Every structure is written in C-alpha cells, then in structure tokens.
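It should be emphasised that the depicted structure is a prediction, and the values quoted were computed from it without experimental measurement. Hydrogens, waters and symmetry mates play no part in the numbers below; they use all other heavy atoms, side chains included. Protein chains get the first letters and strands the later ones, always in sequence-line order, with residue 1 at the start of each.
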Amino acid sequence: MLEGLNPQQHRAVVDTEGPMLLIAGAGSGKTRVLTTRIAHLIVDKGVHPGNILAFTFTNKAAREMRERVERLVPGASDAWIGTFHATGVRILRREAERLGYPRQFSIYDAEDSRAVVKSVLKALNADPKQFSPREVLSAISRYKNASVDPSEAREQALSWREERIADFYQDYQRSLRDNQAMDFDDLIVKTVELLESFPEVQERYARRFQYVLVDEFQDTNPLQLILIKALSAHWRNVFAVGDDDQAIYSWRGATVENMLNFEDYFPGARVLRLERNYRSTGFILQAANEVIGHNRRRRGKKLWTEAEQGEPLELLWVDDEEGEALAVRERIEELVADGEFRRRDCVVLYRTNAQSRALEDGLRRGGLPYQIIGGTRFYERREVRDLLAYLKLVVNPADQVSLERVINVPRRGIGKTSLQRLLDAAAAAGLSTLEMCWQRPTEVERACGRAAARRILLFAGMIAELAALSEKENAARVLEKVMETSAYLDWLYKDDPSSAQEREENVHELLNAAEAFVAESDEGRLFDFLESVALLADVDRMEADGDMVTLMTMHNAKGLEFPVVFVAGCEENLLPHANSLHEDDKLEEERRLFYVALTRAQRRVFLSCASMRRRFGGAELALPSRFLAELPADVVVERGERRPAVVQPAWGGRGLWEEESPRRRPGRPASSPGARSAGPARGKRSGSPARGEESGAGHLYGVETFLRSKARKKAEGHGFDEHELNQEEARFHVGQRVRHATLGEGVIEAVEGFGELTRLTIRFGEAGRKRILARYARLEAVEGDSDLPF
DNA sequence: GCAAGCCCAGATAGT
DNA sequence: CTGGGCTTGC
C-alpha cells in the first residue's frame, strides 16, 4: 500500500497523530495520499472505518475517494466520506428534532431560496430598486458562511441598508423554519448550531470521529472551519490538505486564512508540503509556475517535475467566438486523427457559462460529441422542478414554496386571488396551507368561496393520497403517480406544444434518475431521493463513459485532470473577469483560476483569444488577457494571427490592433506573445515550427464580413444606401476620443449597430459610462486615440 | 382566471 | 437576445 510513495507522501500518510496541514501543489498526488492514509488507518492502525470522517469538495470526489479506499481495503465503505453539506444533512437527519425541525425537512435550492427572499422583500415593503433578491440572497449567504446569525447581523449593521438586510435575513430564516426547510448554507449552519447548543451531541460525534480529513482546505470558509473543529475536538486528529494557489471560492465565503493560520486554529500542528508534480509536462508546469509567480499573497512554492518537456502550449488567435469554437473543434479533430488522443481526453474550460453556447454550437455543427457540465442544469428545468416540487410537498406538507409552485400547475383554476385568500386564512389559523385544507375545509370554503374551495380541496386531497402512497411505495412509483394524477404530460403539450417534446424527454430522464436511485439504494425512499437530488453538483453528473469532449467552467474543473486542456476566452474582462479588475485580491484570484485551468492538463494546453466577442447582441472588442503576457515566451507557440478587431471595417483607417510601429501596451513586455503585432505567427525555438506557420484559415467569415452583412440588412430596412451607411460607419471607432456637449470628453468603448442605429458606449470622465445613439449624440472627435486597455 | 403582449434588466463562479 | 414581471383585455 505504501509502496511507490515519495518520502513526503509517505510521511503524510503514516504520520497520523495530531493536527497536520499538507500543502499539496497541483498534481502532487494528494488524492493518493488521502486515500492511502485512510486505508493505512484502517489496516495498519486498526481504526474502525466508521470512526473516520473525510470532507470532500464534491460528491463526485467523495465517490471516487470511497472507491479508491475500497479498492485498497474492502469493507472500508463505513467511513464517513462526503461534502460538508452531505455530512451536515447526515447528522441533521438524525438530530434535527432537537432544533425543532422534523427529520424530513426540505432542502431548498437557490431558486427556492430566491422565492422565499422575494416574498420576504414584498412582505417588508422593500423598494425593489434598492434591494434585488439576488443581492439580498448573497448577503445572507455571506453572513451565514461567516457564522453571523440574524441578531448579530442586526447589531453589526453600520448603515440603514445593512439594518434592512439584517431584517430580511431574520424574516428569511423565520420563513424557512415555517416551511420546515433549510437552504444549502443551513445544512452547515444548523449542524454547527446543533453541536454548539447540545454539548452532549457534540461530544458524541467528536468521540466518534477519531480521524478527520479535509480535502481542498483552501476553499473552506469560517463556518466550515468551526464544524471541522467541533467534530475533531476530542481526538484532535485533523488532516487538512490544500493549496493556497488554488483558492478560487472566496466569493462563496471561503478564506485562505484557514490555511495560513492553521497552526493557530490547531495548536501543535505540523506542516508538510508536496511539490513534486506527477501530472503535467515540463512546458505546462513551467507556464503554470510562471503565471502563479505573479501573485503576491501566497505561501510560495515551486512545483517541479521529472517529466519530459512535452509540446509547447499553443495560443490560438481567433476572430470571435465562432472562430474560437471552430478552432477548438479543428484542434480536437486533429489530435484525434493523429491517433494520440481520444475525444474524452479533451476538456474545454471557460470562465463564464455564457461562453458555452458558442462552443457548443461549434462542436455540434462539426458533429463532435460533447457533454456540458453546468449551465442550465437538468434539475433547474421548469418541468423537472415542477415535478420535484410535488414530491417535496408530499414529503413535507409545510413546504409553502413548493405548494405555491404547483398548486396551479397544471392549471386547475386556482388563481392569484384564491391562493392569497387561502394563504391568509391559513396564516390566521396558524396552520400550514395543507393542514388548513385537511383539517378545516369549511374555513377554506368560507375564505375562498365554494367553487375555488372545491378545487383547492381537490388538490389537497391529491397530495394527501400521494403522501399515503409514499409510505409504502418507492420514489419512482410516487413520481409516476404524480404524473398520472396531475396529467402533467398532457399539460406540457397544452401549455407549449413547441417545447413539449423536449420537456417530456426531461421528465422521462427524471423518471430514469428515480428508477436508478431506487435500484441503487436500499429502500428507495422518496425523501432520500429528494436529498440526493438536492445535493447533486454539476460535476457529479459528469459522464465517464462515452467518447466525448467535456465542456465546463474553470471552477468546475477543480480537482480534475485531463490529457488535453483548452482554455477558451483568454481575454481581458473575461479572464480576468471584468468584475475582478479593480481589486488586487480579486485579480489574484482570477490568476489562480487560470493557474487551476493550466494545471488540469497532463500533456497539451491550448489557449484561445478572440479579437471580438458578442454580448447582449452587440459586438465588443476583446483584448488579450494580461495572463497571456505572463507566460514565458518560449513555452508558447501561436497559431493563426491576431487580426485587428475592425469594428468599423469600411472606414479603411488603421484597425485598432494594427500598429504602425510596435507600441507597447501597459503591462505587456514586448517579448510576450500578447504583445506581438498582427502578422504571421512564428514557431518558436522549442516549438514545432511547421505548425506555427499555419494561418488561422477556415473561419466561416471574418469579423468584417459578418458585420457588414448585418449592417446591410439593417440598412435595407431603413432606406439607407450603402454610401450613406459607410459614412456613418466611418465616424466612430472603439478607442476614439470624443467630446459631448454636456457630458464632456470620453472614450468610445463599444460600437454597436450601424447607420442610424449606431449605438456607442462611451466612458466619460465624470459622467461615467453611457450608452447612446450616435445620431443624436452630436459628438465631436478629439485628437488622438486612448491607450487601451481602458 | 388567464393569455398575450410589452418593457426592462441582465449574466462571474456553485454546494 | 432572453426571461421574468407587470398590464391589459377577454
């Protein structure tokens, strides 16, 4: 078992007593250490598997860890291995009654939570202009992950706004409790609450877990740290594994402080490091090391490898997202044709889910099989959520959110007014809506009128029947019954025939999921099924079988590895993301994200960078990511050429990126790839020159053609002739300085539309950013272009 | 009670 | 361009 471990790994495995922090670089074999350590505890130390607790970042990671341990030690599956959330649920299902929750409390996902926040905002008369559900929700989540309860939030509030949010927080929690529901964060919050309020319970669990292991420790938050401490308090054997260079979830409340101050939180802790990388080639590692070296806030380490240099990274210059998709597809086809890689070896990573669409289209058009992780998730489809809401309601009749979702879906003539009367009556009686219906039907009739009451009571009766059924039947049977009694499929076709077929397929997939669950689990109980659904992460649904390319966000790729990695959209405002440009901490997190992306790769890395990207329908200029400039020049070769983003093609002047003399842009050394001016790319010394010579041929059309055809279409509709059109086009370009009569001087950031519809986004000094119609703006050109990036 | 149509805001990342 | 929320008219 211990064979083949390097000395550091070996020590990390066998040095089991007391707290330990393992700083494990990307690809340094930490998963192996974790699994071997668990196996070692069981086999060599005689620890009972049930006394081991391991936290992973995703269910998929948990499953893999369990399988790997099981392979080393058959019968080890009694160990508690799971995400923080899953472990929280596991404890809460046994103990929730102490907190005043029934065992079968509902778990609300983001959309359910949003519904609750919305109703809270409405009830407290919040001004929708000042408080969006989104913001409030994220504020609440931040509080929770920082372990701040509503009353503390109220006390800490420094402004009227914060006070209001604390009030919303309080009502939100009250509402969840009324619904006997917990949101995602609560799964940990309530577990901590339980352990803190009931010392005997804490003692019981802390005694039980002789060894506690935590993976991806750099992405844990203060609340999770409290949970770790509480559960390891008795034996104090905490083994935390993490890499500060891969901390990418600070927006979820995670803090590297947990790692940096480990020795304070766990006195007597030892710290070990794994710096030898077994995953990537020399070139890839060199690139990754160099990039992450630009971060200041880090513990600092340097990965090394004895692997061969391999192939240099390739930088693909493309015109726009379609060109990018095409380039990605062609490279994959090439790799597959060479026989060196399969499609399933390839992953395409991107910063935002919105980028997946163009990539997806490109792959589909080329007939290249792919799977997408994340984005519009299966369990977020309306039809799937409707049916799940029925099931949740069956399990937990107090769940108002689910009730309101389905009481009139399919339509049964229970409209807003009747529903409101019903809700009011129930609230007045201090009962949940369904209890009201079941226990006091006459009052429902009084409140809603006879006709409406009849329909409502019919619905309530249906849920009661389903609930009875769920006592003895498994999840799949109950789901079938829901579909049957609600005639859900019929309604799909009635509601929107055009989408009905696709939705029906989704419904059947849900049914399949339920069947699969029933087949796998002991009892196939409905509420266990709902729980497994609620806790699923996107990556958990990743297909291991089937030869297809995988598409996902960089965040989702954490902890995974692939022979071939594509990093799409290596552009300013995307990577680093626009929202992270102005704070150093955020910028460094973006860099870590890029680092994570690079270090997923075993053998090949392709980076793509477009000159133009479409957003909200309009065209926007894209600049090469500053991170590209941080790559050492001799580990990258370029493909295609960096074509100027000629947003105004007809005007004939120099395009934004055609420079008469190589003028250096800020922050970009001349030797780096990003600084090279347009022109045929050259293979570099270490690369394969022949490839570098290839042009970026094969685009469906250049930016120019695309924009002009679009312009012509518009012009035809508006009685412009082409001459006039060109005149209009000629007037403005991105980067141009202009003066506005009242707004002052500014720089054009984006040009959208053509002719009389030309819209300009201009950043003014004082007035900020404005989006205006060029024809009314009466702009005056000012000499000299602004130096981009803005 | 309900459907059609209009308007506006919007999309960083996810257990 | 898209989706959700609101208004309007039947």
* Asked: For A:L587 and B:dA13, what is the distance between atoms CG and P respectively, to the nearest whole Å?
  -> 18 Å

Could you run down the sub-3.5 Å N/O contacts of the protein with nucleotides 2-10 of chain B?
| residue | atom | partner | partner atom | Å |
| --- | --- | --- | --- | --- |
| B:dC2 | OP1 | A:G413 | N | 3.3 |
| B:dC2 | OP2 | A:N408 | ND2 | 3.0 |
| B:dA3 | OP1 | A:R411 | NH1 | 3.2 |
| B:dA3 | OP2 | A:R411 | NE | 3.3 |
| B:dA3 | OP2 | A:R411 | NH1 | 2.4 |
| B:dA3 | OP2 | A:R411 | NH2 | 3.2 |

* Worked check of salt bridge (charged side-chain N to carboxylate O under 4.0 Å, His left out) between A:E216 and A:K30 -> CA-CA 10 Å; A:E216 308 285 5; A:K30 69 174 171 126; 3.2 Å; yes

* To do: Scan A:T58 against the nucleic acid and name what it touches under 4.0 Å (heavy atoms): base, sugar-phosphate only, or nothing.
  => nothing

* Structure fact -> Separation of B:dT15 atom P from A:I81 atom CD1, nearest Å, is 19 Å

* Can you check whether A:N59 has a side-chain N or O nearer than 4.0 Å to OP1 or OP2 of B:dT15? -> no

* Asked: A:L137 CG to B:dA13 C1': how many Å, rounded?
  -> 15 Å

* Asked: Within this structure, what is the CZ-to-P distance between A:F459 and B:dG1, rounded to whole angstrom?
  -> 16 Å

* Pairing of A:K190 and A:E193 as salt bridge, 4.0 angstrom limit -> yes

* To do: Taking only Lys NZ, Arg NE, NH1 and NH2, and the carboxylate oxygens of Asp or Glu, determine whether A:K392 and A:D112 approach each other closer than 4.0 Å.
  => yes

* Structure fact -> Residue pair A:E589/A:S418 against DNA chain B: nearer the 5' end by closest nucleotide is A:S418

* Asked: Is there a donor in the side chain of A:N396 and an acceptor in the side chain of A:S106, or the other way round, less than 3.5 Å apart?
  -> yes

* Hey, does the side chain of A:R66 reach the backbone of A:I81 with a donor-acceptor pair shorter than 3.5 angstrom? -> yes

* Which of residues 82-91 of chain A have a heavy atom under 4.0 Å from DNA chain B? -> A:T83, A:H85

* **Rounded distance (Å) that lies between atom P of B:dG14 and atom NZ of A:K558** => 12 Å

* Take the protein atom CZ of A:R613 and the nucleotide atom C1' of B:dA11, then report the distance between them rounded to whole Å. => 14 Å

* Determine: side-chain N/O of A:N353 to OP1/OP2 of B:dG14, distance under 4.0 Å, yes or no. => yes

* Ionic contact status for A:E590 with A:R626, cut-off 4.0 Å -> no

* Could you list the residues that satisfy salt bridge (Lys or Arg N to Asp or Glu O under 4.0 Å) with A:K229, not counting sequence neighbours? => none

* May I have the distance from A:N573 (atom CG) to B:dA11 (atom P), rounded to whole angstrom? => 17 Å

* Counting distance only, does the side-chain N/O of A:D399 pair as donor-acceptor with the main-chain N or O of A:V401 below 3.5 Å? -> yes

Under 3.5 Å donor-acceptor pairs involving side-chain atoms of residues 418-425 of chain A, not counting sequence neighbours:
| residue | atom | partner | partner atom | Å |
| --- | --- | --- | --- | --- |
| A:Q420 | NE2 | A:D424 | OD1 | 3.1 |

* Asked: With a centroid cutoff of 5.5 Å and a plane-angle limit of 30°, would you call A:W251 stacked on B:dA13?
  -> yes

* Structure fact -> In terms of heavy-atom contacts, A:G82 and A:A62 come closest through CA-CB, 3.8 Å

* **All salt bridge (Lys or Arg N to Asp or Glu O under 4.0 Å) counterparts of A:D245, not counting sequence neighbours** => A:R298, A:K301

* Mind listing the residues from residues 109-119 of chain A sitting with a heavy atom below 4.0 Å of DNA chain C? Number order is fine. => A:R114, A:K118

* To do: Take atom OH of A:Y249 and atom P of B:dG14, then tell me their distance rounded to the nearest Å.
  => 6 Å

* To do: Determine yes or no for a side-chain-to-main-chain donor-acceptor pair under 3.5 angstrom, with A:R412 supplying the side chain and A:I407 the backbone.
  => yes

